[in-house]
Trainee: 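I'd like to ask some things about the structure below.
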Amino acid sequence: MSNICYITPPHILREVIKRGNDRQREWALNTLMLSERFRGSRQSISITMVSEVIEEKKRYVYDAKGGYILPGVLVREEGGKDSNDKTVNEAYDGAGATYDLFKNVYERNSIDDRGMSIISTVHYGKEYNNAFWDGRQMVYGDGDGEIFNRFTKSIDVIAHELTHGITQYEAALVYWDQPGALNEHMSDVFGSIVKQYVMNQKVDEADWLIGEGLFTSKVNGIALRSMKKPGSAYDDPILGKDPQPSHMKDYVDTNDDNGGVHINSGIPNHAFYLTAMELGGYSWEKAGLIWYIALRDLLRRRSNFKRAAQVTCKVAERIFGKNSKEYNAVYNGWKEVGIEI
Amino acid sequence: MKITLEISGGFAGFHRSISIDTESLGYDEKERLLELVKSANLFNARSAKPKRGADYIIYKIKVEEEGKSNTIEVTDISMSKALRELVDFLKKR
(Lines give C-alpha, C1' and ligand atoms only; values in the text may rest on other atoms or scores of the structure.)
Protein backbone atom coordinates (compact mmCIF):
# COMPACT_ATOMS: atom_id res chain seq x y z
CA MET A 1 0.00 0.00 0.00
CA SER A 2 2.78 2.43 0.82
CA ASN A 3 4.01 2.46 -2.78
CA ILE A 4 0.57 3.37 -4.00
CA CYS A 5 0.47 6.19 -1.46
CA TYR A 6 3.13 8.18 -3.13
CA ILE A 7 2.20 7.57 -6.70
CA THR A 8 -1.46 8.51 -6.42
CA PRO A 9 -1.64 12.21 -7.24
CA PRO A 10 -3.37 14.38 -4.64
CA HIS A 11 -6.06 15.57 -7.03
CA ILE A 12 -7.17 11.99 -7.56
CA LEU A 13 -7.16 11.37 -3.83
CA ARG A 14 -9.34 14.43 -3.39
CA GLU A 15 -11.79 13.01 -5.92
CA VAL A 16 -11.84 9.72 -4.02
CA ILE A 17 -12.56 11.62 -0.81
CA LYS A 18 -15.48 13.30 -2.56
CA ARG A 19 -16.92 10.31 -4.36
CA GLY A 20 -15.51 7.11 -2.87
CA ASN A 21 -17.18 4.75 -0.46
CA ASP A 22 -16.25 4.89 3.23
CA ARG A 23 -13.33 2.52 2.94
CA GLN A 24 -11.94 4.28 -0.12
CA ARG A 25 -12.47 7.66 1.46
CA GLU A 26 -10.67 6.69 4.63
CA TRP A 27 -7.79 5.31 2.59
CA ALA A 28 -7.60 8.43 0.44
CA LEU A 29 -7.77 10.71 3.44
CA ASN A 30 -5.02 8.83 5.25
CA THR A 31 -2.93 8.67 2.14
CA LEU A 32 -3.34 12.34 1.47
CA MET A 33 -2.46 13.25 5.03
CA LEU A 34 0.55 10.95 4.94
CA SER A 35 1.86 12.26 1.67
CA GLU A 36 1.20 15.89 2.57
CA ARG A 37 3.04 15.34 5.82
CA PHE A 38 5.79 13.62 3.87
CA ARG A 39 6.18 16.76 1.84
CA GLY A 40 6.12 18.87 4.96
CA SER A 41 3.03 20.76 3.97
CA ARG A 42 0.25 19.09 5.86
CA GLN A 43 -1.64 22.32 6.39
CA SER A 44 -2.51 22.22 2.71
CA ILE A 45 -5.35 19.85 3.49
CA SER A 46 -7.52 22.07 5.54
CA ILE A 47 -10.18 20.72 7.83
CA THR A 48 -12.75 22.79 5.92
CA MET A 49 -12.00 21.00 2.70
CA VAL A 50 -12.53 17.64 4.33
CA SER A 51 -15.69 18.62 6.19
CA GLU A 52 -17.07 20.58 3.25
CA VAL A 53 -17.23 17.58 1.00
CA ILE A 54 -18.89 15.25 3.47
CA GLU A 55 -21.52 17.48 5.11
CA GLU A 56 -24.34 15.74 3.32
CA LYS A 57 -26.35 12.54 3.45
CA LYS A 58 -24.98 9.55 1.61
CA ARG A 59 -27.57 6.81 1.62
CA TYR A 60 -27.32 3.46 -0.13
CA VAL A 61 -30.11 0.88 -0.15
CA TYR A 62 -29.35 -2.70 -1.18
CA ASP A 63 -31.62 -5.66 -1.86
CA ALA A 64 -30.63 -9.08 -0.47
CA LYS A 65 -33.40 -10.68 -2.59
CA GLY A 66 -34.32 -13.18 0.11
CA GLY A 67 -30.75 -14.30 0.70
CA TYR A 68 -28.38 -13.89 3.61
CA ILE A 69 -25.46 -12.24 1.87
CA LEU A 70 -24.75 -8.61 2.75
CA PRO A 71 -25.06 -6.02 1.46
CA GLY A 72 -26.76 -7.45 -1.67
CA VAL A 73 -27.53 -5.58 -4.89
CA LEU A 74 -27.51 -1.76 -4.89
CA VAL A 75 -31.02 -0.56 -5.73
CA ARG A 76 -31.11 3.10 -4.67
CA GLU A 77 -28.47 5.65 -3.80
CA GLU A 78 -28.41 9.27 -2.69
CA GLY A 79 -30.35 11.50 -5.02
CA GLY A 80 -31.60 8.58 -7.11
CA LYS A 81 -35.24 8.39 -8.06
CA ASP A 82 -37.92 6.53 -6.11
CA SER A 83 -37.94 2.78 -6.41
CA ASN A 84 -41.06 0.83 -7.40
CA ASP A 85 -40.44 -1.16 -4.24
CA LYS A 86 -41.93 0.67 -1.26
CA THR A 87 -39.65 -1.21 1.15
CA VAL A 88 -36.63 0.35 -0.57
CA ASN A 89 -38.16 3.81 -0.29
CA GLU A 90 -39.08 3.32 3.35
CA ALA A 91 -35.50 2.34 4.21
CA TYR A 92 -34.18 5.32 2.24
CA ASP A 93 -36.62 7.86 3.67
CA GLY A 94 -36.35 6.56 7.24
CA ALA A 95 -32.57 6.78 7.13
CA GLY A 96 -32.91 10.31 5.73
CA ALA A 97 -35.28 11.41 8.49
CA THR A 98 -32.91 10.02 11.12
CA TYR A 99 -29.91 11.73 9.55
CA ASP A 100 -31.89 14.99 9.45
CA LEU A 101 -32.87 14.87 13.12
CA PHE A 102 -29.28 14.33 14.22
CA LYS A 103 -27.96 16.93 11.78
CA ASN A 104 -30.55 19.65 12.29
CA VAL A 105 -31.09 19.30 16.01
CA TYR A 106 -27.80 17.95 17.39
CA GLU A 107 -25.39 19.04 14.64
CA ARG A 108 -24.22 15.49 14.15
CA ASN A 109 -23.00 14.48 10.70
CA SER A 110 -24.18 10.90 10.24
CA ILE A 111 -23.46 7.73 12.20
CA ASP A 112 -19.80 8.47 12.93
CA ASP A 113 -20.19 12.28 12.88
CA ARG A 114 -17.78 12.29 9.95
CA GLY A 115 -20.28 11.84 7.16
CA MET A 116 -20.25 8.05 7.04
CA SER A 117 -22.41 6.44 4.34
CA ILE A 118 -25.72 5.12 5.62
CA ILE A 119 -26.17 1.63 4.26
CA SER A 120 -29.36 -0.40 4.45
CA THR A 121 -30.25 -3.83 3.12
CA VAL A 122 -33.90 -4.83 2.61
CA HIS A 123 -35.51 -8.22 1.82
CA TYR A 124 -32.95 -10.03 3.97
CA GLY A 125 -33.62 -13.74 4.40
CA LYS A 126 -36.82 -15.69 4.00
CA GLU A 127 -39.87 -14.61 6.01
CA TYR A 128 -37.28 -13.06 8.27
CA ASN A 129 -38.73 -11.62 11.48
CA ASN A 130 -36.10 -9.09 12.42
CA ALA A 131 -34.17 -5.90 11.79
CA PHE A 132 -30.64 -5.42 13.04
CA TRP A 133 -27.44 -3.39 12.94
CA ASP A 134 -24.49 -5.57 11.97
CA GLY A 135 -21.76 -3.15 13.06
CA ARG A 136 -21.58 -1.48 9.64
CA GLN A 137 -25.08 -1.28 8.24
CA MET A 138 -28.80 -1.76 8.84
CA VAL A 139 -30.58 -4.94 7.79
CA TYR A 140 -34.34 -5.47 7.40
CA GLY A 141 -36.41 -8.63 7.01
CA ASP A 142 -39.80 -8.83 5.31
CA GLY A 143 -41.51 -10.53 8.23
CA ASP A 144 -43.41 -13.79 7.91
CA GLY A 145 -46.81 -12.14 7.30
CA GLU A 146 -48.15 -14.20 10.22
CA ILE A 147 -46.69 -12.33 13.20
CA PHE A 148 -44.72 -9.54 11.54
CA ASN A 149 -45.09 -7.19 8.61
CA ARG A 150 -41.97 -5.83 6.92
CA PHE A 151 -39.63 -4.15 9.41
CA THR A 152 -39.24 -0.91 7.44
CA LYS A 153 -42.91 -0.18 8.08
CA SER A 154 -42.17 1.65 11.35
CA ILE A 155 -39.88 4.65 11.07
CA ASP A 156 -38.86 4.29 14.71
CA VAL A 157 -37.42 0.86 13.90
CA ILE A 158 -35.21 2.44 11.24
CA ALA A 159 -34.11 5.21 13.60
CA HIS A 160 -33.58 2.59 16.32
CA GLU A 161 -31.15 0.64 14.13
CA LEU A 162 -29.28 3.74 12.95
CA THR A 163 -28.89 4.89 16.56
CA HIS A 164 -27.14 1.59 17.34
CA GLY A 165 -24.52 2.79 14.89
CA ILE A 166 -24.18 6.13 16.67
CA THR A 167 -23.87 4.40 20.04
CA GLN A 168 -21.15 2.18 18.59
CA TYR A 169 -19.14 5.28 17.62
CA GLU A 170 -19.79 7.12 20.90
CA ALA A 171 -20.39 5.46 24.28
CA ALA A 172 -19.84 2.03 22.67
CA LEU A 173 -22.00 0.45 25.37
CA VAL A 174 -21.29 -3.28 25.55
CA TYR A 175 -24.23 -5.40 24.47
CA TRP A 176 -24.80 -7.21 27.73
CA ASP A 177 -26.82 -6.68 30.95
CA GLN A 178 -27.33 -3.05 32.01
CA PRO A 179 -24.92 -1.43 29.52
CA GLY A 180 -26.65 -3.48 26.80
CA ALA A 181 -30.10 -2.42 28.02
CA LEU A 182 -28.86 1.20 27.92
CA ASN A 183 -27.69 0.61 24.35
CA GLU A 184 -31.22 -0.61 23.52
CA HIS A 185 -32.71 2.27 25.49
CA MET A 186 -30.81 4.90 23.48
CA SER A 187 -32.06 3.30 20.26
CA ASP A 188 -35.65 3.38 21.51
CA VAL A 189 -35.31 6.99 22.71
CA PHE A 190 -34.07 8.30 19.37
CA GLY A 191 -36.33 5.89 17.50
CA SER A 192 -39.32 7.48 19.18
CA ILE A 193 -37.89 11.01 18.84
CA VAL A 194 -37.38 10.65 15.08
CA LYS A 195 -41.01 9.56 14.69
CA GLN A 196 -42.18 12.53 16.78
CA TYR A 197 -39.90 14.87 14.80
CA VAL A 198 -41.26 13.67 11.46
CA MET A 199 -44.85 13.97 12.69
CA ASN A 200 -44.11 17.27 14.47
CA GLN A 201 -45.66 15.93 17.67
CA LYS A 202 -45.36 17.34 21.14
CA VAL A 203 -44.78 14.90 23.99
CA ASP A 204 -48.46 14.62 24.87
CA GLU A 205 -49.41 13.89 21.25
CA ALA A 206 -46.87 11.10 20.74
CA ASP A 207 -47.73 7.39 21.14
CA TRP A 208 -44.33 6.52 22.70
CA LEU A 209 -44.54 3.12 21.06
CA ILE A 210 -41.68 1.21 19.45
CA GLY A 211 -42.57 -0.82 16.38
CA GLU A 212 -46.19 0.29 16.02
CA GLY A 213 -47.54 -1.31 12.83
CA LEU A 214 -45.08 -4.20 12.78
CA PHE A 215 -47.54 -6.79 14.06
CA THR A 216 -50.06 -8.23 11.64
CA SER A 217 -53.74 -8.05 12.52
CA LYS A 218 -53.51 -11.67 13.76
CA VAL A 219 -51.48 -10.58 16.78
CA ASN A 220 -53.06 -9.14 19.89
CA GLY A 221 -50.73 -6.22 20.37
CA ILE A 222 -50.18 -2.63 19.30
CA ALA A 223 -46.37 -2.56 19.15
CA LEU A 224 -43.19 -4.24 20.41
CA ARG A 225 -42.60 -1.88 23.31
CA SER A 226 -44.18 1.06 25.06
CA MET A 227 -42.10 3.74 26.74
CA LYS A 228 -45.22 5.22 28.28
CA LYS A 229 -46.34 1.95 29.85
CA PRO A 230 -43.64 -0.73 29.55
CA GLY A 231 -45.17 -4.21 29.70
CA SER A 232 -48.40 -3.20 27.94
CA ALA A 233 -47.48 -3.39 24.25
CA TYR A 234 -48.81 -6.89 23.55
CA ASP A 235 -50.51 -9.82 25.22
CA ASP A 236 -50.99 -12.65 22.78
CA PRO A 237 -51.72 -16.40 23.04
CA ILE A 238 -48.69 -17.26 20.89
CA LEU A 239 -46.23 -14.50 21.79
CA GLY A 240 -47.12 -14.22 25.45
CA LYS A 241 -47.11 -10.91 27.27
CA ASP A 242 -44.76 -7.95 26.83
CA PRO A 243 -42.14 -8.67 29.54
CA GLN A 244 -40.78 -5.15 30.00
CA PRO A 245 -40.54 -3.78 33.55
CA SER A 246 -40.94 -0.08 34.27
CA HIS A 247 -39.28 -0.09 37.70
CA MET A 248 -36.03 -1.42 39.17
CA LYS A 249 -37.97 -3.63 41.60
CA ASP A 250 -39.08 -5.70 38.60
CA TYR A 251 -35.64 -5.90 36.93
CA VAL A 252 -35.36 -9.24 35.08
CA ASP A 253 -32.21 -11.31 35.64
CA THR A 254 -31.74 -13.59 32.66
CA ASN A 255 -29.06 -15.00 30.37
CA ASP A 256 -31.33 -14.88 27.33
CA ASP A 257 -31.23 -11.93 24.93
CA ASN A 258 -27.72 -10.92 26.04
CA GLY A 259 -28.89 -10.54 29.61
CA GLY A 260 -32.34 -9.18 28.80
CA VAL A 261 -31.22 -6.11 26.87
CA HIS A 262 -34.63 -5.78 25.17
CA ILE A 263 -36.44 -6.41 28.45
CA ASN A 264 -34.80 -4.19 31.04
CA SER A 265 -34.54 -1.26 28.64
CA GLY A 266 -38.13 -0.65 29.77
CA ILE A 267 -36.78 0.91 32.97
CA PRO A 268 -34.64 3.71 31.46
CA ASN A 269 -37.21 4.06 28.64
CA HIS A 270 -39.85 4.93 31.18
CA ALA A 271 -37.49 7.33 32.97
CA PHE A 272 -36.97 9.18 29.68
CA TYR A 273 -40.70 9.27 29.02
CA LEU A 274 -41.38 10.72 32.50
CA THR A 275 -38.64 13.35 32.05
CA ALA A 276 -39.94 14.37 28.63
CA MET A 277 -43.52 14.58 29.89
CA GLU A 278 -42.51 16.72 32.85
CA LEU A 279 -40.71 19.12 30.50
CA GLY A 280 -43.49 19.22 27.90
CA GLY A 281 -43.09 20.61 24.37
CA TYR A 282 -40.98 18.73 21.84
CA SER A 283 -39.01 15.79 23.24
CA TRP A 284 -35.97 16.43 21.06
CA GLU A 285 -35.41 19.96 22.32
CA LYS A 286 -34.53 19.30 25.96
CA ALA A 287 -34.84 15.68 27.09
CA GLY A 288 -33.43 14.43 23.79
CA LEU A 289 -30.57 16.93 23.89
CA ILE A 290 -29.63 15.88 27.43
CA TRP A 291 -29.67 12.19 26.48
CA TYR A 292 -27.71 12.83 23.29
CA ILE A 293 -24.94 14.74 25.08
CA ALA A 294 -24.77 12.00 27.72
CA LEU A 295 -24.44 9.34 25.01
CA ARG A 296 -21.85 11.34 23.10
CA ASP A 297 -19.67 12.62 25.93
CA LEU A 298 -20.23 10.92 29.25
CA LEU A 299 -21.46 7.35 28.99
CA ARG A 300 -18.80 4.66 28.67
CA ARG A 301 -18.65 1.04 27.56
CA ARG A 302 -19.69 -0.40 30.89
CA SER A 303 -21.97 2.31 32.23
CA ASN A 304 -24.97 0.98 34.16
CA PHE A 305 -28.42 2.48 34.85
CA LYS A 306 -27.23 4.40 37.88
CA ARG A 307 -24.37 5.92 35.89
CA ALA A 308 -26.82 6.91 33.15
CA ALA A 309 -28.96 8.65 35.77
CA GLN A 310 -25.89 10.45 37.14
CA VAL A 311 -24.59 11.64 33.80
CA THR A 312 -27.96 12.77 32.42
CA CYS A 313 -28.44 14.80 35.62
CA LYS A 314 -24.94 16.20 35.21
CA VAL A 315 -25.65 17.24 31.62
CA ALA A 316 -28.94 18.86 32.64
CA GLU A 317 -27.13 20.75 35.38
CA ARG A 318 -24.39 21.95 33.02
CA ILE A 319 -26.77 23.14 30.34
CA PHE A 320 -29.70 24.40 32.40
CA GLY A 321 -28.37 24.89 35.96
CA LYS A 322 -28.50 22.99 39.24
CA ASN A 323 -31.99 23.88 40.36
CA SER A 324 -33.46 24.23 36.91
CA LYS A 325 -36.74 22.54 36.02
CA GLU A 326 -34.80 20.51 33.46
CA TYR A 327 -32.47 19.09 36.12
CA ASN A 328 -35.42 18.30 38.36
CA ALA A 329 -37.29 16.59 35.52
CA VAL A 330 -34.33 14.30 34.80
CA TYR A 331 -33.79 13.58 38.50
CA ASN A 332 -37.49 12.84 39.04
CA GLY A 333 -37.72 10.64 35.96
CA TRP A 334 -35.01 8.30 37.23
CA LYS A 335 -36.28 8.43 40.80
CA GLU A 336 -39.73 7.28 39.74
CA VAL A 337 -38.31 4.14 38.15
CA GLY A 338 -36.34 3.35 41.31
CA ILE A 339 -32.95 4.87 40.45
CA GLU A 340 -31.79 7.57 42.85
CA ILE A 341 -28.51 9.35 42.46
CA MET B 1 -29.59 -37.86 19.89
CA LYS B 2 -31.21 -34.83 21.47
CA ILE B 3 -31.04 -31.38 19.93
CA THR B 4 -32.26 -28.17 21.53
CA LEU B 5 -32.56 -24.83 19.78
CA GLU B 6 -33.14 -21.69 21.79
CA ILE B 7 -33.86 -18.51 19.86
CA SER B 8 -33.55 -15.20 21.68
CA GLY B 9 -32.68 -11.57 21.05
CA GLY B 10 -33.59 -9.77 17.86
CA PHE B 11 -35.33 -6.41 17.71
CA ALA B 12 -38.37 -7.98 19.39
CA GLY B 13 -36.41 -9.82 22.09
CA PHE B 14 -38.69 -12.87 21.78
CA HIS B 15 -37.67 -16.20 23.25
CA ARG B 16 -38.48 -19.57 21.76
CA SER B 17 -37.24 -23.04 22.60
CA ILE B 18 -37.46 -26.17 20.45
CA SER B 19 -36.30 -29.60 21.55
CA ILE B 20 -36.11 -32.74 19.43
CA ASP B 21 -35.15 -36.30 20.23
CA THR B 22 -34.24 -38.10 17.01
CA GLU B 23 -35.80 -41.29 18.42
CA SER B 24 -39.20 -39.60 18.30
CA LEU B 25 -38.93 -38.95 14.56
CA GLY B 26 -40.02 -41.03 11.63
CA TYR B 27 -37.33 -42.68 9.53
CA ASP B 28 -37.05 -40.01 6.79
CA GLU B 29 -37.02 -37.08 9.18
CA LYS B 30 -34.52 -38.76 11.44
CA GLU B 31 -32.19 -39.47 8.55
CA ARG B 32 -32.53 -35.90 7.29
CA LEU B 33 -31.78 -34.46 10.74
CA LEU B 34 -28.75 -36.71 11.28
CA GLU B 35 -27.46 -35.68 7.88
CA LEU B 36 -27.85 -31.97 8.77
CA VAL B 37 -26.08 -32.50 12.11
CA LYS B 38 -23.25 -34.24 10.32
CA SER B 39 -22.81 -31.66 7.59
CA ALA B 40 -22.90 -28.83 10.18
CA ASN B 41 -20.29 -30.79 12.16
CA LEU B 42 -22.40 -29.94 15.19
CA PHE B 43 -20.36 -31.82 17.82
CA ASN B 44 -17.28 -29.79 16.91
CA ALA B 45 -18.83 -26.50 15.82
CA ARG B 46 -17.91 -23.39 17.79
CA SER B 47 -19.77 -20.36 19.00
CA ALA B 48 -19.52 -17.28 16.81
CA LYS B 49 -21.08 -14.21 18.34
CA PRO B 50 -20.35 -10.83 16.75
CA LYS B 51 -18.18 -8.32 18.57
CA ARG B 52 -20.19 -5.43 17.19
CA GLY B 53 -23.76 -4.92 16.14
CA ALA B 54 -27.13 -5.04 17.88
CA ASP B 55 -30.56 -6.66 17.62
CA TYR B 56 -29.16 -9.78 16.01
CA ILE B 57 -31.04 -13.00 16.73
CA ILE B 58 -29.10 -15.48 18.86
CA TYR B 59 -29.42 -19.17 18.06
CA LYS B 60 -28.23 -21.37 20.92
CA ILE B 61 -27.92 -24.96 19.78
CA LYS B 62 -27.20 -27.89 22.07
CA VAL B 63 -26.59 -31.43 20.89
CA GLU B 64 -26.36 -34.45 23.21
CA GLU B 65 -25.67 -38.12 22.56
CA GLU B 66 -24.27 -40.88 24.76
CA GLY B 67 -22.59 -38.58 27.26
CA LYS B 68 -21.17 -36.32 24.57
CA SER B 69 -22.51 -32.84 24.18
CA ASN B 70 -21.77 -29.50 22.57
CA THR B 71 -23.46 -26.12 22.95
CA ILE B 72 -22.89 -23.22 20.58
CA GLU B 73 -24.29 -19.74 20.03
CA VAL B 74 -24.42 -18.29 16.53
CA THR B 75 -26.18 -15.48 14.68
CA ASP B 76 -27.47 -14.93 11.16
CA ILE B 77 -24.29 -13.23 10.07
CA SER B 78 -21.94 -15.68 11.75
CA MET B 79 -23.42 -19.08 10.97
CA SER B 80 -22.39 -21.44 8.21
CA LYS B 81 -24.79 -22.45 5.47
CA ALA B 82 -24.97 -25.95 6.93
CA LEU B 83 -25.91 -24.58 10.37
CA ARG B 84 -28.59 -22.40 8.81
CA GLU B 85 -30.14 -25.44 7.14
CA LEU B 86 -30.17 -27.19 10.50
CA VAL B 87 -31.73 -24.17 12.22
CA ASP B 88 -34.36 -23.89 9.47
CA PHE B 89 -35.23 -27.58 9.93
CA LEU B 90 -35.56 -27.19 13.70
CA LYS B 91 -37.57 -23.96 13.43
CA LYS B 92 -40.23 -25.73 11.38
CA ARG B 93 -40.87 -28.19 14.20
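Reminder, nothing fancy here: chain letters follow the sequence lines and each chain counts from 1.
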Trainee: Using a 4.5 angstrom heavy-atom cutoff, name the option from A:Asn258, A:Ile69, A:Asn183, A:Leu214 with the most pairs to chain B.
Mentor: A:Asn258

Trainee: Is it the side chain or the backbone of B:Arg16 that comes within 4.5 Å of chain A heavy atoms, both, or neither?
Mentor: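 When you check distances to chain A, no heavy atom of B:Arg16 falls under 4.5 Å.
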
Trainee: Strictly distance-based, threshold 3.5 Å: is any side-chain N or O of A:Asn149 a donor or acceptor partner for the main-chain N or O of A:Gly213?
Mentor: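 Side chain of A:Asn149 to backbone of A:Gly213: a pair is present.
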
Trainee: Would you check if there is a donor-acceptor pair between the side chains of B:Thr4 and B:Ser19 at a distance under 3.5 Å?
Mentor: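 B:Ser19 vs B:Thr4: donor-acceptor pair found between side chains.
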
Trainee: How are the rings of A:Phe272 and A:His185 set to each other: parallel, tilted or perpendicular (split at 30° and 60°)?
Mentor: perpendicular

Trainee: Knowing that exactly one of A:Arg108, A:Arg300, A:Arg296 qualifies, which makes a salt bridge (charged side-chain N to carboxylate O under 4.0 Å, His left out) with A:Glu170?
Mentor: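 Option passing the salt bridge (charged side-chain N to carboxylate O under 4.0 Å, His left out) with A:Glu170: A:Arg108.
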
Trainee: Please check if the number of heavy atoms outside A:Asn255 that lie under 6.0 Å from its CG is greater than 12.
Mentor: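 No, because the 6.0 Å sphere around CG of A:Asn255 holds 12 heavy atoms or fewer from other groups.
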
Trainee: Between the main-chain N or O of A:Asp236 and the side-chain N or O of A:Asn220, is there a donor-acceptor pair closer than 3.5 Å?
Mentor: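 No; zero donor-acceptor contacts below 3.5 Å.
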
Trainee: Using non-hydrogen atoms and a 4.5 Å limit, figure out which bit of B:Glu73 sits close to chain A: side chain, backbone, both or neither.
Mentor: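 Contact with chain A is absent: no heavy atom of B:Glu73 under 4.5 Å.
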
Trainee: What part of B:Ile58 gets within 4.5 angstrom of chain A, counting heavy atoms only: side chain, backbone, both, or neither?
Mentor: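 Just its side chain gets close to chain A.
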
Trainee: Under 4.5 Å, counting heavy-atom pairs only, tell me which of B:Gly13, B:Ser8, B:Pro50, B:Ala54 racks up the most with chain A.
Mentor: B:Ala54

Trainee: Checking heavy atoms, do the side chain of B:Phe14, its backbone, both or neither come under 4.5 Å from chain A?
Mentor: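 Contact with chain A is through the side chain of B:Phe14 alone.
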
Trainee: By a 4.5 Å heavy-atom criterion (distance strictly below it), what part of A:Gln137 contacts chain B: side chain, backbone, both, or neither?
Mentor: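 A:Gln137 has no heavy atom closer than 4.5 Å to chain B.
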
Trainee: Measure distances from B:Lys49 to the heavy atoms of chain A and classify the residue's part below 4.5 Å as side chain, backbone, both or neither.
Mentor: side chain

Trainee: In terms of heavy-atom proximity below 4.5 Å to chain B, should A:Leu70 be classed as side chain, backbone, both, or neither?
Mentor: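 Side chain of A:Leu70 only, per the 4.5 Å heavy-atom cut-off to chain B.
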
Trainee: If I measure from the heavy atoms of chain B, does A:Val157 come under 4.5 Å with its side chain, its backbone, both, or neither?
Mentor: both

Trainee: Let me know if A:Ile263 has heavy atoms under 4.5 Å from chain B in its side chain, its backbone, both or neither.
Mentor: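 Contact with chain B involves no heavy atom of A:Ile263 at all.
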
Trainee: Should the ring pair A:Tyr128 and A:Tyr68 be called parallel, tilted or perpendicular, given that the plane angle runs from 0 to 90° and is split at 30 and 60?
Mentor: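 Ring orientation of A:Tyr128 relative to A:Tyr68: perpendicular.
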
Trainee: Determine yes or no for a side-chain-to-main-chain donor-acceptor pair under 3.5 angstrom, with B:Ser69 supplying the side chain and B:Glu64 the backbone.
Mentor: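 Looks like no, no N/O pair under 3.5 Å.
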
